[in-house]
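Read through the structure below, which is laid out as structure tokens, and then see the notes.
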Amino acid sequence: MADTVCAISTAMGESGIGIVRLSGKDSIAIAEKIFVRSSDLKEIENRKLIYGHIMDGSEKVDEVLIAFMKAPYTYTREDMVEIYCHGGIVPVRRILELVLEKGARLADRGEFTKRAFLNGRLDLSQAEAVIDLIKAKTDESYDVSLNQLEGNLSKEVGNIRDILLNMIAHIEANIDFSDEDIEKMDYLEMENQANLVKNKIDKLLSTADRGKVLRDGLNTVILGKPNVGKSSLLNAILRENRAIVTDIPGTTRDIIEEYVNIDGIPPLRIIDTAGIRETENIVEQIGVDRARDMVNQADLVIAIFDASESLTDEDFHIIEIIKDKETIVLLNKLDLPNEYDKEYLQELIPNKEIITTSISTGIGVDKLENSIKEMFYDGEINMESDTIVTNIRHRNQLIKSRENIVDAINGIKMNVPIDCIEVDIKSCWDNLGEVTGDNIGEDILDKIFSEFCIGK
Ligand SMILES: Nc1nc2c(ncn2[C@@H]2O[C@H](COP(=O)(O)OP(=O)(O)OP(=O)(O)O)[C@@H](O)[C@H]2O)c(=O)[nH]1
Ligand SMILES: [Mg+2]
């Protein structure tokens, strides 16, 4: 990498310290131009914190600690410098401006980690784990990212690729000595190996749905006609008064989104919506339309019905919307005199779980939380030992490689010429390789690293 990049690596705002970071062959030279140490020592001590001042000519800019880190034992495998200055927007910005003036270039998003990848310190799935670590919203999603950063997914994918490579080597040998008998023997063995690969890919893929939930949270939408208690439920789950609750139907006009952790399970991304009803009010109508859109993208819908009023057209409309969605149904306001009961509602929606609640008095919310836990986390994820696929890109590569190996298995069964089978096996090997970043295109790399924050 020819140029030297720099960035502010800490979050902007008031804080105890801020860190400006440099990476590249001129990092140390650039930093030396603006740093004056307090002691008389002249030579640079590698990986030690040195006390001194950042100077703009003869003017003191800040009192800092600085660390010079020489390649290759650094995050990027290049020469790096970290300047620990006072937090706050002004000091970090002034130091950054100085560093830029002395010849560094502002780093792109994720460029430090990209360099770490390009210099071979991390493979791509590990680099992606760094983004996930930073963005993790619960201990569990953090643990899974850490597991991936340590290379467990890479190892698993590497194992599968080794089997494929072995198969390819065998086939190459066979093409040179094509004796019928040898080939038949090999077809059987080949089929076993291909099945082994398929099973391993399936095992990884089976973790992907839950992995996505771990990473992004479980998309949960609260749905119901106006005034049934949707916002009350959001507040009850959050245990704070986040949404406005009134007895006026149509209180919530737009969607409200929050993250919440229930007992340390992966985050619920919970969305309170405008009540579903036909309305003349254009603002409210947009809110209702958005609610319908949110349902389409939801992993889970919580549909609320009001037991104290008879069912309306809106309720039947909601029953229609949730028909094919993963849904937990709440029958609310049980503290009031009931118009109908759970049995009646259950007949209308025979295959959905119904929980009776009185949200405003706090009854039934714990049952809902337990039900969510059971639904999605019934002990199937073992965080410590299992490699979990959390990333959509990895999942897509696994799906592609699964198709390749299935094609190969079918080919083997039909005794198609071995070089045709080899093509599928090679594609499988290539597609898996993209998980860890072998032969990956520059455009995909740019897209991945653009998800990072500046300075990482
Ligand atoms: N009696 C009784 N009242 C409730 C219950 N749950 C909610 N409410 C009341 O119902 C009214 C409406 O509650 P909200 O939570 O604002 O209802 P919403 O579904 O968000 O309403 P919109 O935003 O207008 O669609 C409020 O006055 C709540 O206090 C309950 O279990 N029992
Ligand atoms: Mg509301």
Side-chain angles (χ1 to χ4, degrees), residues 219-260 262 268-296 298 300-322 325 327-346 348-349 352-372:
N219 248 324
T220 308
V221 171
I222 307 174
L223 198 66
K225 72 181 170 190
N227 228 27
V228 287
K230 298 180 295 298
S231 300
S232 304
L233 178 68
L234 177 78
N235 291 346
I237 293 177
L238 290 175
R239 288 156 178 87
E240 65 174 278
N241 287 328
R242 168 67 179 84
I244 299 171
V245 168
T246 74
D247 55 3
I248 306 163
T251 301
T252 308
R253 294 294 180 88
D254 199 355
I255 57 171
I256 300 176
E257 180 185 320
E258 284 293 329
Y259 280 88
V260 61
I262 300 175
L268 229 49
R269 174 172 172 248
I270 194 158
I271 296 165
D272 178 23
T273 61
I276 295 276
R277 67 169 170 182
E278 295 309 322
T279 164
E280 299 281 301
N281 182 313
I282 186 150
V283 178
E284 197 183 342
Q285 186 55 49
I286 294 170
V288 172
D289 291 345
R290 290 188 69 182
R292 289 203 183 99
D293 286 347
M294 297 313 296
V295 169
N296 288 334
L300 171 66
V301 175
I302 300 172
I304 312 184
F305 296 88
D306 183 344
S308 72
E309 288 178 1
S310 47
L311 288 167
T312 60
D313 284 352
E314 285 110 1
D315 288 316
F316 286 107
H317 190 72
I318 287 161
I319 289 173
E320 192 56 34
I321 295 178
I322 62 173
K325 290 298 291 188
T327 314
I328 297 175
V329 174
L330 302 188
L331 185 56
N332 190 36
K333 303 202 184 181
L334 276 184
D335 51 297
L336 299 177
N338 290 355
E339 275 295 322
Y340 60 96
D341 59 13
K342 185 174 167 178
E343 281 66 38
Y344 173 73
L345 187 61
Q346 190 80 73
L348 294 172
I349 29 177
K352 308 266 186 228
E353 178 184 3
I354 299 177
I355 298 171
T356 52
T357 58
S358 166
I359 297 168
S360 58
T361 56
I363 296 169
V365 178
D366 54 337
K367 260 193 250 156
L368 167 68
E369 292 176 347
N370 283 332
S371 179
I372 294 172

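These figures come from a predicted structure and were not determined experimentally. Residue indices begin at 1 and follow the sequence shown. Each ligand, and each atom within it, is numbered from 1 in the order the structure gives.
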*asked:* So if I count the atoms of ligand 1 from 1 in the order they appear, which ones are less than 4.0 Å from some heavy atom of Asp335?
replied: 1 (N), 2 (C), 30 (C), 31 (O), 32 (N)
*For Ile248, atoms of ligand 1 separated by under 4.0 Å from a heavy atom*: 24 (O)
_the Mg ion (ligand 2) to nearest N/O/S of Asn227 less than 2.8 Å_ = no
*For atom 24 (O) of ligand 1, the option (of Ser360, Ala236, Ser308, Gly250) bearing the nearest heavy atom*: Gly250
*Only one of Asn219, Ile222, Val221 clears side chain to side chain contact (heavy atoms under 4.5 Å, CB included) with Ile270; which?*
Ile222
_N, O or S of Thr251 under 2.8 Å from the Mg ion (ligand 2)_ = no
_Whether Lys325 side chain and Ala298 backbone form a donor-acceptor pair below 3.5 Å_ = yes
*asked:* Pairing donors with acceptors under 3.5 angstrom, does anything connect the side chains of Asn235 and Arg242?
replied: no
*Heavy atom under 4.0 Å from ligand 1: found in Val228's side chain, backbone, both, or neither?*
both
*Distance to 0.1 Å, residue and atom name: give those for the protein heavy atom nearest to atom 25 (O) of ligand 1.*
Lys230 NZ, 2.8 Å
_Per-atom contacts, ligand 1 versus Ser358 - under 4.0 Å to a heavy atom_ = 31 (O)
*Please assess Ile349 against Thr327 for the test side chain to side chain contact (heavy atoms under 4.5 Å, CB included), listing each intermediate value before the final yes or no.*
CA-CA 11 Å; Ile349 29 177; Thr327 314; over 6 Å; no
*Identify the closest protein heavy atom to atom 10 (O) of ligand 1: which residue and atom is it, and at what distance?*
Lys333 NZ, 3.1 Å
*Close-contact set for ligand 1 against Thr246 heavy atoms, below 4.0 Å*: 11 (C), 12 (C), 13 (O), 16 (O), 26 (C), 27 (O)
*Ligand-residue contact atoms, ligand 1 with Ser231, heavy atoms, under 4.0 Å*: 15 (O), 18 (P), 20 (O)
*Polar side-chain atom of Lys230 near backbone of Ile304 as donor-acceptor pair, under 3.5 Å*: no
_Protein residue, atom and distance nearest to atom 6 (N) of ligand 1, heavy-atom basis_ = Asn332 ND2, 3.2 Å
_What protein heavy atom lies closest to atom 17 (O) of ligand 1? Include the residue and the distance to one decimal._
Gly229 N, 3.1 Å
*Can you tell me if Thr246 and Thr251 form a side-chain donor-acceptor pair at under 3.5 Å?*
yes
*Looking only at side chains, do Thr312 and Asp315 share a donor and an acceptor under 3.5 Å apart?*
yes
*Sub-4.0 Å atoms of ligand 1 with respect to non-hydrogen atoms of Pro249*: 24 (O)
*If you measure from each non-hydrogen atom of Thr251 to ligand 1, which part falls under 4.0 Å: side chain, backbone, both or neither?*
both
*Polar side-chain atom of Lys352 near backbone of Ile322 as donor-acceptor pair, under 3.5 Å*: yes
*asked:* To 10 degrees, how wide is the angle OG (Ser231) to the Mg ion (ligand 2) to OG1 (Thr252)?
replied: 90°
*asked:* Which of the numbered atoms in ligand 1 are under 4.0 angstrom from any heavy atom belonging to Leu336?
replied: 1 (N)
*Side chain, backbone, both or neither: the part of Ser232 lying under 4.0 Å from ligand 1 by heavy atom*: both
*asked:* Donor-acceptor check, side chain of Lys367 to backbone of Ile355, threshold 3.5 angstrom: yes or no?
replied: no
_Nearest non-hydrogen contact with atom 31 (O) of ligand 1 belongs to which option: Ile256, Val245, Ile359, Ile222?_
Ile359
